[in-house]
Amino acid sequence: MIRTRFAPSPTGYLHIGGVRTALFNYLFAKKHGGQFILRIDDTDRQRNVAEALQPILDGLRWLGINWDEGPETGGQYAPYYQSQRTGKYQAAVDELLRRGAAYRDFAAPEEIQAERDTALNEKKTYTYSRTWAAQNDDDVKKFEAEGRQSVVRLKMPRSGSLIIHDLIRGDVEFQWADEQDHVIQRADGSFIYHLANVVDDEDFRISHVIRAEEHLSNTPRQIFMIQALGYRLPEYAHLPFVAEPGSKTKLSKRKLDKYLKNKDFSKLMTHGKSIAGRIGLEITDDNFNPVITDFYEQVGYLPEAVVNAMALVGWALDDKTEFFFMPDLIEHFSLAGVTKGAASFDPAKLFAFQEKHFVTKTAEEKYELCKPFLEKGNLTIPSKPFLLKLIEAAGDRIKVAGDILDFADFFMPDEALPYNEADVAKRFTPESLPLLQEFAARLERQDDWSSAALEALMQQFLDEKQIKANQVIHTLRVAVTGKSTGLGMFETLALLGKERVRRRIERAVALKTPQEQTS
RNA sequence: GGCCCCGUCGUCUAGCGGUUAGGACACGGCCCUUUCAAGGCCGCGGCACGGGUUCGAUUCCCGUCGGGGUCACCA
C-alpha cells in the first residue's frame, strides 16, 4: 500500500513551495490508489498551534489537496500531531538507549562548542570526543552529582558508508564518519524533529518519503535510527526545491522586498494589491504575499490554476502537454518525470495558467466566483441577469475573479462615476463635442437598444457625416464610462441602457463646460 | 570550509549516442481592430568550460567553473 505524507509546521501560512511538496505527495499517493496523510510537526510547542495551523489546512483544502488521514479528518493512526505523540517518542529514545544506539550526554553547550572551535582551528572534521557521554548508571550519577544536565545523542557509526537509493537522484553515498552524534532529545525532555519524524513515518506506515531536497543531508541520521530501531525503510524521493524567480536560491517569504524587484513578481503583486485595496483587505507581508497561498485565494485566482502551475515546477509529462486539471495530474504523475535541478517559481507563468483556466469557466461559474468580491467591496450588487451580461461582455478581460471590481462603473450611480481627467482632456475637444451631442440626440430617438442596432445607428451616423469611427467613439466612451479603455462600445451602451447613457453623457458634457451650464 | 545535490533559450522544460536541439511562459514585430483584452502569424533566444570514450556527443566518464543545500538542544 502506498502511503505518503506532508508534514508542515504550524507557521501561520502555507508556503507555495510547501504546496508543491504536498501536491506531489498527494498525486503520487492517488495515482497508486494509496493514501495521503497530513501530519503536523509541532514539536516546537511555543506557538498557538490551532491558529497557526488553520491557514495551512484551509489552503490545502482550497487547492483540492485533500488528506485521507490527519487533523480534522482523523484516521486509524491518530493523533497526527507530534505534540500529542511524545509517549511514542520517549519509548523510541529509551529503546535506542537500550540498544546502545544512543547515549546520555552531559556536556554543557559551551564544552561542545569548544571542541568544535578546536576542530575548526585545526582544520579537522569535528567529531565529538564523547567525554561527557554516560557509559553506565554510575556515570549518570557522577555527572548528575556535578549538577550537569543531559541530552540524548545518537551514537553514530564512525566508519563505513551508507548508500541511499533515492527515487529521483539515484544512489547517494554518505560516509558515517562525517555524521555527528546528533541530539534527539533536548535537556528539557522535548524531542528533536528527526526522531519524531522517523517514529511517525513508521507508525503511520509511510511507504514513500517525498520531500524537498534540503532534507537529503538529514537522511543518514534518520536511516541510522530506522535501522537501530528495526523499522522498515521507506522509499525516498528528494524533490528539487522551489527557487526564487530568476534565481536558484530557495524561495522564502521573508524576501518579499527582493522579489518585488523582479518585474513579473511585482506585476502579480501590484495587480493583487489593486484588488485587495478595493475590498478593504489589510495588507501585510504575512497575509499578502505571492509566496503564500492565501494571496491567490484572496484576489480570486482559481485553485486549479495554482495547482497546474505548481505541478510544473519540477515536473513535466512530455514535450507539449501543460494544461492539466487535478484528475489529469493524478493520472499522469510519476516520480520519473520529476526533474533534479532547482526550479524557479515563475509568477508570469502562474498568471498565464490562471488566464487559461479562467476562460474555460462559464458565465454562470464566473458569476459565482466574482460575486463575493462585490460583496467584499461593499458595492451595490446588481441583478444577476445584469451581472451575467456584464461578465459575458467583459469576456477574457476578467482574469481573476477580483477583476470584476474593474467593472464597477457599470453599476455605480451615474452621479458617482469618476472621470479620468487626462482622457477627458484628450477626447473632449471643440471638434468632438458637437459630434458627441449630435449622436446623443440620435440615441435619444433610438428604441432598439440592442448592441447590434446601436452599432448600425452609429454606422449610419458615420456615413452621413463622412467621418471615421474614432472621431466620435472615443469621446463617447469617455463620456459614458469615464475612461478611454473598456468593453466594446456598443456592448457598453447596451449594458448601460438608454436612461443611464443619457444621464452620463449629460453629466460629462456639463463637467466639461461648467461655465456655459451655469450661465 | 567539510559533506551532498544540481547545471538545455531570461524562466519552466522535452531530449535518455546520430534531431535543422522541440514546446510553453515572457519579450519584440506584424495582422485584426472603436479603446483595452483576446486571437492569428513571424521573430529573438539555449546544450557552462576543458579533456577523454566513440565513426559520431546536449546525451556516457573525469576534471574545472558556477549555482544550491546541509553541517543546531529549528523543522
Side-chain angles (χ1 to χ4, degrees), chain A residues 7-11 41-44 82 105 109 112 116 119-120 123-126 149-153 164 166 168-170 172-175 177-180 182-194 196-197 212-220 238 240-241 243 245-250 262-264 267 309 312-323 337 339-353 355-356 359 394-399 406 423 427 455 458 462 468-474 476-478 481 483-490 492:
Chain A
S9 281
T11 50
D41 283 12
D42 56 347
T43 51
D44 174 1
Q82 290 196 328
D105 182 51
I112 294 285
R116 259 204 196 97
L120 197 68
K123 291 187 194 280
K124 289 200 296 204
T125 308
Y126 163 67
Q149 289 197 308
S150 70
V151 297
V152 176
R153 286 182 186 277
I164 298 169
D166 191 277
I168 293 168
R169 268 146 235 289
V172 182
E173 183 173 9
F174 290 90
Q175 297 301 319
D178 293 333
E179 290 291 316
Q180 299 303 316
H182 303 283
V183 172
I184 53 174
Q185 185 170 25
R186 302 184 186 93
D188 68 0
S190 62
F191 303 93
I192 295 292
Y193 159 78
H194 301 289
N197 180 60
E213 184 187 358
E214 63 213 73
H215 287 283
L216 185 55
S217 310
N218 298 330
T219 309
H238 286 93
F241 55 79
S247 148
K248 296 293 183 196
T249 311
K250 200 166 119 185
N262 174 287
K263 184 174 58 69
D264 297 329
K267 219 160 136 185
L312 292 174
V313 178
W315 177 82
L317 173 61
D318 53 30
D319 61 342
K320 48 180 80 69
T321 322
E322 291 212 312
F323 188 71
T339 52
K340 293 178 179 177
S344 295
F345 168 66
D346 186 345
K349 193 135 185 175
L350 169 34
F351 196 81
F353 277 118
E355 292 189 73
K356 282 189 195 303
V359 297
D396 48 41
R397 293 174 184 84
I398 298 176
K399 299 183 187 302
D406 286 342
D423 289 336
R427 297 303 181 184
E455 184 163 8
M458 171 64 81
L462 297 178
K468 293 200 169 147
N470 59 19
Q471 287 175 267
V472 62
I473 281 194
H474 298 302
L476 179 59
R477 163 169 278 114
V478 173
T481 67
K483 53 192 184 204
S484 60
T485 60
L487 313 186
M489 187 69 257
F490 306 104
T492 300

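Per chain, numbering begins at 1; letters A, B, ... match sequence-line order. Note: hydrogens, waters and symmetry copies are ignored here, and every other heavy atom, side chains too, is used.
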Quick one: is A/Arg153 getting a side-chain N or O under 4.0 Å of the B/A72 phosphate, OP1 or OP2?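 For B/A72, OP1/OP2 do not have a side-chain N/O of A/Arg153 under 4.0 Å.
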Contact under 4.0 Å: A/Thr43 side-chain N or O vs B/A75 OP1/OP2: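 The answer is yes; a side-chain N or O of A/Thr43 sits under 4.0 Å from OP1 or OP2.
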Measure the distance from [atom1] on [X] to [atom2] on [N] and round it to the nearest whole Å.
X        : N     : atom1 : atom2 : answer
A/Ile398 : B/A38 : CD1   : C1'   : 13 Å
A/Asp188 : B/A72 : CG    : C1'   : 14 Å
A/Glu179 : B/G2  : CD    : P     : 17 Å
A/Asp42  : B/C74 : CG    : C1'   : 14 Å
A/Phe241 : B/C4  : CZ    : P     : 18 Å
A/Ile168 : B/C5  : CD1   : P     : 14 Å
A/Gln185 : B/C74 : CD    : P     : 12 Å
A/Phe191 : B/A75 : CZ    : C1'   : 16 Å

[atom1] atoms of [N] and [M], separation to the nearest Å:
N     : M     : atom1 : answer
B/G40 : B/C55 : P     : 48 Å
B/U70 : B/A75 : P     : 14 Å
B/G7  : B/U64 : C1'   : 13 Å
B/U54 : B/C60 : C1'   : 10 Å

Identified pairing partner of [N], criterion: Watson-Crick or G-U wobble below 3.5 Å:
N     : answer
B/C36 : none
B/C71 : B/G1
B/G7  : B/C65
B/U58 : none
B/U20 : none

For nucleotides 62-65 of chain B, tabulate all protein N/O to nucleotide N/O atom pairs closer than 3.5 Å, reporting atom names and distance.
none

Using a cut-off of 4.0 Å on non-hydrogen atoms, how would the nucleic acid contact of [X] be classed: base, sugar-phosphate, or nothing?
X        : value
A/Phe353 : nothing
A/Arg116 : sugar-phosphate
A/Asn197 : nothing
A/Lys399 : sugar-phosphate
A/His215 : base
A/Val183 : sugar-phosphate
A/Arg477 : base

Just the atom pairs and distances: protein N or O near nucleotides 12-22 of chain B's N or O, under 3.5 Å.
| from | atom 1 | to | atom 2 | distance (Å) |
| --- | --- | --- | --- | --- |
| B/C12 | OP1 | A/Lys248 | NZ | 3.1 |
| B/C12 | OP1 | A/Ser344 | N | 2.9 |
| B/C12 | OP1 | A/Ser344 | OG | 3.4 |
| B/C12 | O2' | A/Leu312 | O | 2.7 |
| B/U13 | OP1 | A/Gly314 | N | 2.7 |
| B/U13 | OP1 | A/Thr339 | OG1 | 3.1 |
| B/G22 | N2 | A/Asp319 | O | 3.4 |

Between [options], which nucleotide has the shortest distance from any of its atoms to the side chain of [X]?
X        : options             : value
A/Asp396 : B/A37, B/A26, B/A75 : B/A37
A/Arg169 : B/C73, B/C5, B/U34  : B/C5
A/Phe174 : B/C4, B/A75, B/A26  : B/C4
A/Lys250 : B/U70, B/A75, B/U34 : B/U70
A/Thr249 : B/U35, B/G68, B/A75 : B/G68

Could you list the residues that satisfy salt bridge (charged side-chain N to carboxylate O under 4.0 Å, His left out) with A/Asp166, not counting sequence neighbours?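 With neighbours one apart ignored, the set is empty.
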Do the side chain of [X] and the main chain of [Y] share a donor and acceptor less than 3.5 angstrom apart?
X        : Y        : result
A/Asp423 : A/Val478 : no
A/Ser344 : A/Ala243 : no
A/Arg116 : A/Tyr126 : no

Earlier contact from the 5' end, RNA chain B, for A/Leu350 and A/Leu216: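 Between the two, 5'-proximity favours A/Leu216.
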RNA chain B: 5'-proximal contact among A/Ala469 and A/Val172 (nearest heavy atom):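 The 5'-side residue here is A/Val172.
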Using the side-chain contact (heavy atoms from CB on, under 4.5 Å) criterion, which residues pair with [X]? Sequence neighbours excluded.
X        : answer
A/Ala394 : A/Ile398, A/Phe407, A/Leu487
A/Glu214 : A/Ala212, A/Phe241, A/Lys250
A/Ile192 : A/Val183, A/Arg186, A/His194

Non-hydrogen atoms of [X] and [Y] that approach each other most closely:
X        : Y        : value
A/Pro240 : A/Lys340 : CB-O, 3.5 Å
A/Thr339 : A/Trp315 : OG1-N, 4.3 Å
A/Gln149 : A/Ala187 : OE1-CB, 4.2 Å

Pairing residues for [X] by the side-chain hydrogen bond (donor to acceptor under 3.5 Å, both in side chains) criterion, not counting sequence neighbours:
X        : result
A/Gln82  : A/Asp41, A/Asp200
A/Asp318 : A/Thr321
A/His474 : none
A/Gln180 : none

Atom pairs under 3.5 Å, N or O on each side, protein against nucleotides 27-32 of chain B: can you list them with distances?
none

Can you name the atoms? Protein N/O to nucleotides 42-44 of chain B N/O, anything below 3.5 Å, with the distance.
none

Can A/His238 be called stacked on B/G69 when the rule is centres closer than 5.5 Å and an angle between planes below 30°?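 It does not: the two rings, one from A/His238 and one from B/G69, miss the stacking criterion.
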